[in-house]
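Worksheet for the structure shown next.
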Amino acid sequence: MAEFSQEKAGKTKMREINSIYGKLLQHYGAQGWWPISGEYRKNDFSTPRNEEEQLEVCFGAILAQGINWQAAQKAVFNLSKLNALDLSAFEKLGEEKIREAVKPAGYFNQKARKLLEFSEFYSSLQGKTPSREELLGVWGVGEETADSILLYAYRQPQFVVDAYAKRIFCKLGLIDENASYAQVKKLLEDNLPLDYKLFNEFHALLVEHAKRHYSKKPFRDLVLL
DNA sequence: AGCCAGGCTACCG
DNA sequence: CGGTAGCATGGC
């Protein structure tokens, strides 16, 4: 009996989460993340990405930490002007030039170091795909950045939990206010098909929706759309 | 002027 | 463990 109602509740939750995705997609359309060279490629899920694209996603994910995407994009553009989205060229650049390039993205001392540590790690991979654990072992890569890299650079179905996703699912009553990263991630991954294309769009759509309606407290949008 | 932005690390109790 | 100060810039 208890087992039955639990299963029923689980299916209800599953329908609700899938329905949220459907509504967002219908309302905003495909987002085409991750933007490469500032370009959003809607419905382009070609895989595998080449090395330069992977590095741009990884650097972008690090540079976007705690800052708006426009600012992060300026830093990515500065690096691309220096031809530094190529690994060997980046390594020759030197920390001082990297600091200058990433300045618009804020926290430039930390972020320069993070990019350097990451490039060293990436180079050690010799083209193989890193595990989530390996990524988390890199200084400057936390859970959201690791999942963003696995999802957007390596096309793995890892749900990316960011501040926006937490706000939205919390407001919809699906998670507790102080739910951990792992708890939110599990909620989504247990209730969606493990499809990287779906995860890709879902995360991007949550960001788009939150930027419009969950930007500052109090988050007034009780229901979705 | 001040708040906010697609976090992470180090250090605290 | 969970909680939080510090990190820095720029747009609105």
Side-chain angles (χ1 to χ4, degrees), chain A residues 20-21 24 28 30-36 38-40 56-79 95-122 130 132-154 158-171 175-185 188 196 199-221:
Chain A
I20 291 166
Y21 173 68
L24 287 170
Y28 296 113
Q31 300 297 298
W33 278 26
W34 191 281
I36 298 293
E39 190 185 336
Y40 292 81
E56 181 169 342
V57 174
C58 296
F59 281 1
I62 289 169
L63 290 167
Q65 290 170 1
I67 197 93
N68 66 78
W69 174 246
Q70 300 307 322
Q73 204 171 31
K74 281 182 194 165
V76 174
F77 182 63
N78 287 344
L79 289 171
E95 188 155 4
E96 195 49 46
K97 287 230 171 104
I98 297 171
R99 268 201 282 263
E100 284 305 311
V102 304
K103 193 159 277 192
Y107 315 120
F108 63 90
N109 289 308
Q110 288 190 348
K111 283 184 177 170
R113 181 181 162 201
K114 289 178 182 180
L115 294 190
L116 278 163
E117 303 247 1
F118 188 85
S119 71
E120 208 169 301
F121 168 74
Y122 185 84
R132 192 169 189 271
E133 288 310 308
E134 287 173 322
L135 283 166
L136 290 173
V138 180
W139 190 87
V141 176
E143 298 207 81
E144 186 192 335
T145 305
D147 287 333
S148 291
I149 288 171
L150 289 171
L151 179 61
Y152 290 110
Y154 291 95
Q158 302 277 353
F159 202 93
V160 177
V161 179
D162 58 16
Y164 287 155
K166 276 190 188 166
R167 282 180 203 174
I168 292 174
F169 291 121
C170 181
K171 198 69 188 176
I175 58 168
D176 191 73
E177 184 175 14
N178 41 37
S180 69
Y181 187 98
Q183 287 171 329
V184 183
K185 183 174 166 72
L188 278 303
Y196 76 84
F199 282 25
N200 180 320
E201 281 300 333
F202 204 162
H203 171 62
L205 287 163
L206 288 167
V207 171
E208 183 57 30
H209 185 59
K211 280 205 278 206
R212 295 173 188 240
H213 301 290
Y214 288 73
S215 168
K216 57 177 76 162
K217 295 180 183 178
F219 311 129
R220 287 172 299 128
D221 288 25

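Below, read A as the first sequence line, B as the second, and so on, with proteins coming before strands; counting in each chain starts at 1. Fair warning: this is a prediction, and the values are worked out from it, not measured in the lab.
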> Using a cut-off of 4.0 Å on non-hydrogen atoms, how would the nucleic acid contact of V161(A) be classed: base, sugar-phosphate, or nothing?
Replying inline: nothing
>> Near DNA chain C, counting only heavy atoms under 4.0 Å, which residues of residues 142-152 of chain A show up?
In response: none
>> Tell me every residue that passes side chain to side chain donor-acceptor pair (under 3.5 Å) with E96(A), counting only those two or more places apart in sequence or in another chain.
In response: R99(A)
> Is the backbone N or O of V160(A) less than 3.5 Å from a side-chain atom of D147(A), with the two atoms forming a donor-acceptor pair by type?
Replying inline: no
>> Once ring pair (Phe, Tyr, Trp, His ring centres under 6.0 Å) is applied, do any residues pair with W69(A), and if so which ones, sequence neighbours excluded?
In response: W34(A)
Report, one line per pair, each donor and acceptor closer than 3.5 Å where one atom sits in a side chain of residues 139-146 of chain A; sequence neighbours left out.
unit_1  : atom_1 : unit_2  : atom_2 : d
E143(A) : OE1    : R132(A) : NH2    : 3.1
T145(A) : OG1    : Q65(A)  : NE2    : 2.9

> Out of curiosity, F118(A) CZ to L135(A) CG, how far, rounded to the nearest 0.5 Å?
Replying inline: 6.0 Å
> Which residues within residues 109-119 of chain A lie with some heavy atom under 4.0 Å of an atom in DNA chain B?
Replying inline: Q110(A), K114(A)
>> The criterion is side-chain contact (heavy atoms from CB on, under 4.5 Å); which residues satisfy it with E120(A), sequence neighbours excluded?
In response: none
>> Using the P atom as the point on both nucleotides, what is the distance between dA8(C) and dA10(B), in whole Å?
In response: 14 Å
> Of all residues at least two apart in sequence or in a different chain, which pass the salt bridge (Lys or Arg N to Asp or Glu O under 4.0 Å) check with K103(A)?
Replying inline: E100(A)
> In what stems does DNA chain B take part, counting only runs of at least 3 consecutive Watson-Crick or G-U pairs whose two distances fall under 3.5 Å?
Replying inline: B:2-5 with C:9-12, B:7-13 with C:1-7
>> Given 3.5 Å as the limit, does a donor-acceptor pair link the side chain of Y152(A) with the main chain of W33(A), or not?
In response: no
> In chain order, what residues pass the side chain to side chain donor-acceptor pair (under 3.5 Å) check against Q110(A), with sequence neighbours excluded?
Replying inline: none
Dump every N/O contact between nucleotides 9-12 of chain C and the protein below 3.5 Å, one line per pair.
unit_1  : atom_1 : unit_2 : atom_2 : d
dG11(C) : OP1    : K74(A) : NZ     : 3.0

> Does P130(A) reach the side chain of F121(A), with side-chain heavy atoms less than 4.5 Å apart?
Replying inline: yes
> For E56(A), which residues count as a salt bridge (Lys or Arg N to Asp or Glu O under 4.0 Å) partner, sequence neighbours excluded?
Replying inline: none
> Hey, does V160(A) reach any base, or is it just sugar-phosphate, or nothing, if we go heavy atoms under 4.0 Å?
Replying inline: nothing
> Does W34(A) have a side-chain nitrogen or oxygen under 4.0 Å from the phosphate oxygens OP1 or OP2 of dG6(B)?
Replying inline: no
>> Applying ring pair (Phe, Tyr, Trp, His ring centres under 6.0 Å), can you list everything that pairs with F159(A), at least two apart in sequence or on another chain?
In response: F199(A), F202(A)
